[in-house]
Trainee: 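Dumping the structure here so I can ask a few things about it.
Any value given below was found using the heavy atoms of this structure, including those in side chains, with hydrogens, waters and symmetry copies removed. Counting convention: from 1, in listed order, for ligands and their atoms alike.
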Amino acid sequence: MGLGINGYTSPAARKITGGYDLPEGVDVRGRYDDEFAKILTNDALLFVAELQREFRNHIKYAMECRKEAKMRYNRGGLPGFDPATRYVREGEWTCAAVPPAVADRRVEITGPVERKMIINALNSGAKVFMADFEDALSPSWENLMRGQVNLKDAVDGTISFHDQARNRVYKLNDQTAKLFVRPRGWHLPEAHIFIDGEPATGCLVDFGLYFYHNFAAFRRNQGGGFGPFFYLPKMEHSREARIWNNVFEKAERMAGIERGSIRATVLIETLPAVFQMDEILYELRDHSVGLNCGRWDYIFSYVKTFQAHPDRLLPDRVQVGMSQHFMRSYSDLLIRTCHRRGVHAMGGMAAQIPIRDDPGANEAAMELVKKDKLREVRAGHDGTWSAHPGLIPPIMEVFNNNMGNSPHQIHTMKREDASTITEEDLLQIPRGARTMEGLRLNTRVGIQYLAAWLTGTGSVPLYNLMEDAATAEISRVQNWQWLKYGVELNGDGFGVKVNLDLFGRVVEEEMTRIEKEVGKEKFKKGMYKEASKIFTRQCTTPMLDDFLTLDAYNHIVIHRPKGSSKL
Ligand SMILES: CC(=O)SCCNC(=O)CCNC(=O)[C@H](O)C(C)(C)COP(=O)(O)OP(=O)(O)OC[C@H]1O[C@@H](n2cnc3c(N)ncnc32)[C@H](O)[C@@H]1OP(=O)(O)O
Ligand SMILES: O=CC(=O)O
Ligand SMILES: [Mg+2]
């Protein structure tokens with residue numbers, strides 16, 4: 001690896017503490033493990049520390065700007081296009097050419113950085129695998145560090161896994177999906193690594209360790225001279241994209257690789273970001289490979305942005321689909337924006353997953369997935385996401401039938417018609433009814449998801465749908481919103497109003513139902529009671545918490561030697 005060879009390490013700065021070989025100013029408070037030590041090398045930690053030191057004030061400033069924007073929206077303001085950057089939106093410019101290795105991205109599979117799933121995903125037949133440190137991962141020290149070990153083995157091509165129960169060995173096929181890595185969002189700290197007395201920024205740890213250990217092998221084995229490739233989540237403004245661009249340039253300089261080697265797809269999954277799509281691409285124009293419709297976080301963000309707007313309440317979560325006007329407008333404008341700038345416009349995740357024990361229900365679920373994907377490809381998306389290997393063949397078929405041999409639709413589906421989409425289109429209130437079953441389902445799903453997350457699992461099947469941090473956020477903020485404004489459940493004919501008494505009863509009854517469904521033993525051993533407490537607090541707090549996982553994170557931080565786990 002170039003960094004150490006270039007004289008980057010300063011041996012004088014070395015300090016060996018608790019087994020790890022630490023540079024000056026860096027403290028690792030997570031458990032020691034020989035495997036983790038191969039990732040947490042002095043050089044790699046110094047690289048992360050350099051990123052942290054250069055960008056921490058920029059990140060703090062960007063987070064302050066988020067707070068200011070929130071206050072504006074809470075005072076009645078609406079997000080919209082920024083007049084100051086009209087020249088960027090109206091200017092004629094394009095992003096750097098798409099690297100040949102990722103020209104065809106028609107089906108991408110996503111999943112947590114778990115060893116067996118990484119092998120299955122890379123072997124799945126998808127064009128791309130997005131390995132997730134974010135929505136699909138509970139960011140415990142074990143998960144994060146094992147994830148880094150797994151990715152390094154995957155990029156080296158040596159990864160294997162022995163499933164002892166089934167006596168099955170997993171190895172990579174000759175042909176595998178191209179790897180993208182999604183680090184955490186800007187807001188999440190990494191409480192097991194302190195730099196100059198402060199917790200490190202989670203995404204700089206994820207990015208820094210992965211980049212440091214893999215850039216050379218990735219460019220050789222996967223990227224055809226480009227890479228590594230990333231997905232960037234939950235941004236709210238182009239100033240946040242500028243920080244990523246600067247992080248990439250610094251990493252490229254330190255590694256001695258060409259500017260523009262690193263490429264990233266940005267998820268447009270917050271409401272403010274839909275008004276910044278050109279600006280985000282512009283900031284990342286040398287490092288961009290497109291935008292993606294992160295539909296689940298986008299719905300969460302709609303509620304969060306309008307938390308103080310009782311005239312913009314959402315109907316039941318199940319009714320907020322891509323056919324709602326504001327969702328369709330967002331996807332259409334994303335396609336138009338990406339294709340005008342010469343990059344991929346990626347579709348999002350259908351929540352349905354294969355249902356093994358009920359062929360009829362399985363067929364219905366597959367039909368819903370195919371319908372969603374048909375809408376995406378016909379609208380002009382160049383590819384889309386799949387949550388499960390079993391969904392790849394039907395999704396691939398839909399894209400093949402509609403795209404033929406072309407790797408993408410960048411030049412053929414310009415969607416000029418979408419240039420007339422207005423702020424009103426993007427903000428239009430979704431239609432539909434609110435029901436008691438909606439409240440119950442939010443509660444049942446939110447608690448079960450959080451119970452899984454607290455025990456180390458970040459994506460789970462619940463009631464035949466994929467649930468992850470983004471979908472659980474919708475359940476949480478929707479309950480909060482309905483409670484805050486005492487809304488009438490107008491969809492089931494009883495006209496019941498949501499209040500604390502009703503919600504208390506719903507939580508109690510849903511906990512009984514969960515216990516029945518999962519069984520007494522699992523319920524007792526699991527973290528359901530803790531999850532219920534956290535979820536209930538977050539749904540009933542007067543001021544909405546920004547993220548479900550920020551408070552919950554304190555429950556999974558384990559410092560060694562034992563000390564305070566609170567941030
Ligand atoms: C909003 C967003 O951000 S979406 C992106 C983030 N979310 C995700 O990435 C979700 C990814 N998907 C998953 O985690 C899983 O598919 C779940 C939790 C939804 C369902 O999991 P399960 O019910 O355990 O799946 P199931 O039992 O059907 O798995 C069958 C096989 O497929 C594999 N598999 C399932 N999903 C995936 C995946 N996404 N990637 C790789 N392999 C997978 C399993 O490992 C298993 O392999 P095996 O037969 O070799 O043991
Ligand atoms: O990350 C994807 C989303 O839908 O959220
Ligand atoms: Mg998301």
Trainee: What distance separates W296 CH2 from M349 CE, expressed to the nearest 0.5 Å?
Mentor: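 If I round to the nearest 0.5 Å, the distance is 10.0 Å.
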Trainee: Between E236 (side chain only) and R66 (backbone N and O only), is there a donor and an acceptor less than 3.5 Å apart?
Mentor: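 Between the backbone of R66 and the side chain of E236 there is no qualifying donor-acceptor contact (under 3.5 Å).
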Trainee: For ligand 1, which atoms sit closer than 4.0 Å to a heavy atom of P461?
Mentor: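 Heavy-atom distances to P461 below 4.0 Å select 18 (C), 23 (O).
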Trainee: Regarding atom 6 (C) of ligand 1: of the candidates N292, V460, D468, which has the closest heavy atom?
Mentor: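 Looking at heavy atoms only, the winner is D468.
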Trainee: Should the ring pair H192 and W141 be called parallel, tilted or perpendicular, given that the plane angle runs from 0 to 90° and is split at 30 and 60?
Mentor: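 The rings of H192 and W141 sit tilted, inter-plane angle from 30° to 60°.
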Trainee: Return the option from R115, E114, M117, Q352 holding the heavy atom at the smallest distance from atom 15 (C) of ligand 1.
Mentor: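 That would be M117.
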Trainee: I need the atoms of ligand 1 closer than 4.0 Å to a non-hydrogen atom of A121, numbered in the order shown.
Mentor: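 Numbered from 1, ligand 1 contributes 40 (N), 41 (C).
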Trainee: Which option, H388, R182, M349, owns the non-hydrogen atom nearest atom 30 (C) of ligand 1?
Mentor: H388
Trainee: Between E269 and ligand 1, find which residue part has any heavy-atom pair under 4.0 Å and reply side chain, backbone, both or neither.
Mentor: neither
Trainee: Tell me the contacting part of K116 for ligand 1: side chain, backbone, both, or neither, using a 4.0 Å heavy-atom threshold, strictly below.
Mentor: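 Side chain only.
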Trainee: Keeping waters out of it, list the protein N, O or S atoms under 2.8 Å from the Mg ion (ligand 3).
Mentor: D135 OD2, E269 OE1, D297 OD2
Trainee: Heavy-atom contact check, 4.0 Å cutoff: does M130 meet ligand 1?
Mentor: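 M130: no contact with ligand 1 (<4.0 Å).
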Trainee: Measuring from the heavy atoms of R168, does anything fall under 4.0 Å of ligand 1?
Mentor: yes
Trainee: Under 4.0 Å, heavy-atom basis, I'd like to know which part of F129 is in contact with ligand 1: side chain, backbone, both or neither.
Mentor: neither
Trainee: Tell me, please, whether Y282 has R285 positioned over its six-membered ring: NZ or CZ under 6.0 Å from the ring centre and within 45 degrees of its axis?
Mentor: yes
Trainee: Considering only heavy atoms, which protein residues lie less than 4.0 Å from any atom of ligand 2?
Mentor: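 Residues within 4.0 Å of ligand 2: D135, R182, L267, E269, G294, R295, W296, D297, W385, A470.
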Trainee: Does the cation-pi check pass for R106 over F399, that is, NZ or CZ under 6.0 Å from the six-membered ring centre and within 45° of its axis?
Mentor: no
Trainee: What I want to find out is whether E515 reaches K529 closely enough, with some N-O distance under 4.0 Å, to be called a salt bridge.
Mentor: no
Trainee: Answer yes if a protein heavy atom lies under 4.0 Å from atom 24 (O) of ligand 1, otherwise answer no.
Mentor: no
Trainee: List the closest protein heavy-atom neighbour of atom 43 (C) of ligand 1: residue, atom name, distance to the nearest 0.1 Å.
Mentor: P389 CD, 3.4 Å
Trainee: Decide yes or no for F207 and W244: does some side-chain heavy atom of the first lie under 4.5 Å from some side-chain heavy atom of the second?
Mentor: yes
Trainee: Salt bridge or not between K304 and E473? Use side-chain N to carboxylate O under 4.0 Å.
Mentor: no
Trainee: Heavy-atom distances under 4.0 Å decide this one: backbone, side chain, both or neither, for E467 against ligand 1?
Mentor: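 Neither part.
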Trainee: Tell me whether R182 forms a cation-pi arrangement with F180, defined as NZ or CZ under 6.0 Å from the six-membered ring centre and within 45 degrees of its axis.
Mentor: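 That pair does not qualify as a cation-pi contact.
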Trainee: What do we get for D135 next to ligand 1 when only non-hydrogen atoms under 4.0 Å count, side chain, backbone, both or neither?
Mentor: side chain
Trainee: Ion pair present between E190 and R184, side-chain N to carboxylate O less than 4.0 angstrom?
Mentor: yes
Trainee: Would you mind finding which of I109, L465, L122, D132 brings a heavy atom closest to atom 40 (N) of ligand 1?
Mentor: I109
Trainee: Go through ligand 1 atom by atom and flag the ones less than 4.0 Å from a non-hydrogen atom of R356.
Mentor: 26 (P), 27 (O), 28 (O)
